[in-house]
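Before any comments, here is the structure.
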Amino acid sequence: EPEVTQTPSHQVTQMGQEVILRCVPISNHLYFYWYRQILGQKVEFLVSFYNNEISEKSEIFDDQFSVERPDGSNFTLKIRSTKLEDSAMYFCASRRYNTGELFFGEGSRLTVL
Amino acid sequence: KNEVEQSPQNLTAQEGEFITINCSYSVGISALHWLQQHPGGGIVSLFMLSSGKKKHGRLIATINIQEKHSSLHITASHPRDSAVYICAASPGGTSYGKLTFGQGTILTVHP
């Protein structure tokens, strides 16, 4: 069964460092998303991406964050200069159609020290 | 802004019991997702509902659009059902993926 894969599963970084989280969505999917879950809190929407551009972003997704699909398969989330409060589980998700079922990855746990 | 609330927050059951988890939302939506988060943290999509009822194995999800309420039922619960169950509301249109999530219900099923 096709699945969304994310790497790394866990990354530890120092405050101020750049981090790139990678996602490989299901191959024929067209809509891509990043969500995050701070420990003990609700999952939150970060950004949606379609047709090689951001279609919507939340207020969390400030200038420190960026997304891209550099090679038609990977979908990456970059945090330019990490802060302690960026420590969270980051989930990638994809769907084939705008109203279709969402498929989530296993998540990437980011720890900022 | 949509507010999504789940109840109960914690649920403990004995194997074989019928489980119900409730989800209420404050603003009209296009679809309601039920998700399962297993102990390792990964999320699996269980259902996506726009109206009525869906069934998959021992899981049943219902939604009442007028009352802005959805329920997830598990029949004949089993210890492997132990997980966090999350509902998430989708506003639809171009914001379809901009989900608003509930806080999750921690389900523990004892043998």
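The sequence lines fix the lettering, A, B, ..., with proteins before strands; numbering per chain opens at 1.
Contact annotation for A:Y35: only side-chain heavy atoms (C-beta onward) come within less than 4.5 Å of a heavy atom of chain B. Of the atoms belonging to A:Q6, not a single heavy atom falls under 4.5 Å from chain B.
Here salt bridge (Lys or Arg N to Asp or Glu O under 4.0 Å) pairs that include residues 38-52 of chain B, with residues two or more places apart or in two chains, number zero.
Using a 3.5 Å distance cut-off with no hydrogens or angles, the side chains of B:S77 and B:E17 do not pair a donor with an acceptor. Side-chain contact, B:S90 with B:S30: no donor N or O sits under 3.5 Å from an acceptor N or O.
With ring centers used as reference points, A:F49 lies under 6.0 Å from A:F75. For B:F47 and B:H33, the gap between ring centers reaches or exceeds 6.0 Å.
Using a 4.5 Å heavy-atom cut-off against chain B, no residue of residues 80-87 of chain A qualifies as contacting.
Enclosure of atom CG in A:D63 is not indicated, since only 12 or fewer non-hydrogen atoms of other residues, nucleotides or ligands lie within 6.0 angstrom. Residue A:R69 qualifies as enclosed at atom CZ: its count of foreign heavy atoms under 6.0 Å is above 12.
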